[in-house]
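We name chains A, B, ... by the order of the sequence lines, and we start the count at 1 in each one. Only a predicted model underlies this, so the values are computations on that prediction, with no experimental measurement involved.
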Amino acid sequence: MTSYGTKIKAALLCGAMTLGGTSVAHADMEYQQVSDLLHLVMSSDRTVYTRMIVNRLANQEGVIKASEHFEDEKALVLPAQMFRFGAEMVAEETDAFSYSLLSLWPINKQNAPTTDLEKEGLQYLVDNPGENFYGEEELGGVNYYTAFYADVAVAEACTSCHNDHKDSPKTDFEGGDVMGGVVIRIPME
Amino acid sequence: MMPRAVMTWVVLALVAAPAAQAEVTLGDVLSPTGLKGFVTVDRLPVPADPVLQQGRTVWQGTCMGCHGGNKATGAPKITATKKWQPRIEQGLPVLIDHATNGFLGKTYAEMPARGANPNLSDAEVAAAVAFMVWASGGEDAALAFIRQK
């Protein structure tokens, strides 16, 4: 693809995202490309938070910790929580797309897959390291383009917390394991 | 549509692939940025040395998820010689220490102790490091380290 094409598509993405209520995907732009770009932004932001805030201040400097109970413990929110808060904010703002962090082994049952495609997609991510999964599904009379991206354990804190958590259905995660997936859903016109 | 001749060639290549795979050599996989796409263990050569072979198995089990090329983790990708060269220059003892005890890099990306798999023994972690060095441009360093042990 030419860089010219990339620029036009990026401009469309920015434009579409300001229009709450319509789909982010423009006729000119592939659904897959839109969701890949959205995923790139959200995963980069979370990675920066993990490294520059949590790892630096909690692991390197030791001045504060990150905790699931961040209010009680006056701690930093966990990267996964930061990610979910972002998803909630987007859901309040627009119907053009939505995203969530789901797992076949969720600590919180609300984050288990519910649709058939979600079950298939999450299993695919576990079985095919390094690959994404894309599909379409009809929910409540609306057709959706749904993309799945592996969510990998990037830190010792991810695996130890999940393995030791009383509500965790899986207790033998290792670093680099696929713990779940980011699911991005775009209504199709 | 693919022309028929190309299609036949593609089919032949696919059929021939499993046989060719056994002969993958270091020369086929090494480059400054490494193999394209995510590197699963079956894309990597099988070393002759038994310690490195053990390392390859450990690597597949614990290290591949990050060092296979998952960008979000910040882990240097196996086969990417440019990423690995300055690290290999530190010497295997330092690399093994970092892999065993954990390590935060310059941009605060985390290499978890033992790849966050506490069940790995010191020897298994060391073998996996030696294998990754061997398959990332440090063949001489890896073999010298093993011989000296």
message: Counting heavy-atom pairs under 4.5 Å with chain A, which one of B/Gly37, B/Ala75, B/Ala109 comes out on top?
response: B/Ala109
field: Cluster check A/Phe148, A/Trp105: I/L/V/M/F/W/Y, side chain < 4.5 angstrom
entry: yes
query: Given the rule that I, L, V, M, F, W and Y join up when any side-chain heavy atoms are under 4.5 Å apart, are B/Phe38 and A/Val178 in one cluster?
result: no
task: Go through the atoms of A/Ala153 and report whether side chain, backbone, both or neither lie under 4.5 Å from a heavy atom of chain B.
output: backbone
task: Say whether A/Leu57 and A/Val77 are linked into one hydrophobic cluster, either directly or through other cluster members, by side-chain heavy-atom distances under 4.5 angstrom.
output: yes
message: I'd like to check the side chain to side chain contact (heavy atoms under 4.5 Å, CB included) partners of B/Pro93; sequence neighbours left out, ordered by chain and number.
response: B/Phe145
query: Should we count NZ of A/Lys74 as having more than 12 external heavy atoms under 6.0 Å?
result: no
task: Name the region of B/Met64, side chain, backbone, both or neither, that has any atom closer than 4.5 Å to a heavy atom of chain A.
output: side chain
statement: Of B/Cys66, B/Ala116, B/Pro118, the largest count of non-hydrogen pairs under 4.5 angstrom with chain A goes to B/Ala116
message: According to a hydrophobic-cluster definition based on side-chain heavy atoms being under 4.5 Å apart (Ile, Leu, Val, Met, Phe, Trp, Tyr only), do B/Val41 and B/Leu52 belong together?
response: yes
Donor-acceptor pairs between chain A and chain B under 3.5 Å, which ones?
unit_1: A/Arg51; atom_1: NH2; unit_2: B/Ala72; atom_2: O; d: 3.3
unit_1: A/Asn55; atom_1: ND2; unit_2: B/Tyr108; atom_2: O; d: 2.7
unit_1: A/Glu156; atom_1: N; unit_2: B/Glu110; atom_2: OE2; d: 3.0
unit_1: A/Glu174; atom_1: OE1; unit_2: B/Thr62; atom_2: OG1; d: 3.0
unit_1: A/Glu174; atom_1: OE1; unit_2: B/Asn117; atom_2: ND2; d: 3.4
unit_1: A/Glu174; atom_1: OE2; unit_2: B/Asn117; atom_2: ND2; d: 3.2
unit_1: A/Gly175; atom_1: N; unit_2: B/Gly115; atom_2: O; d: 3.0

query: Do A/Leu38 and A/Tyr134 share a hydrophobic cluster, counting only Ile, Leu, Val, Met, Phe, Trp and Tyr and linking them when any side-chain heavy atoms are less than 4.5 Å apart?
result: yes
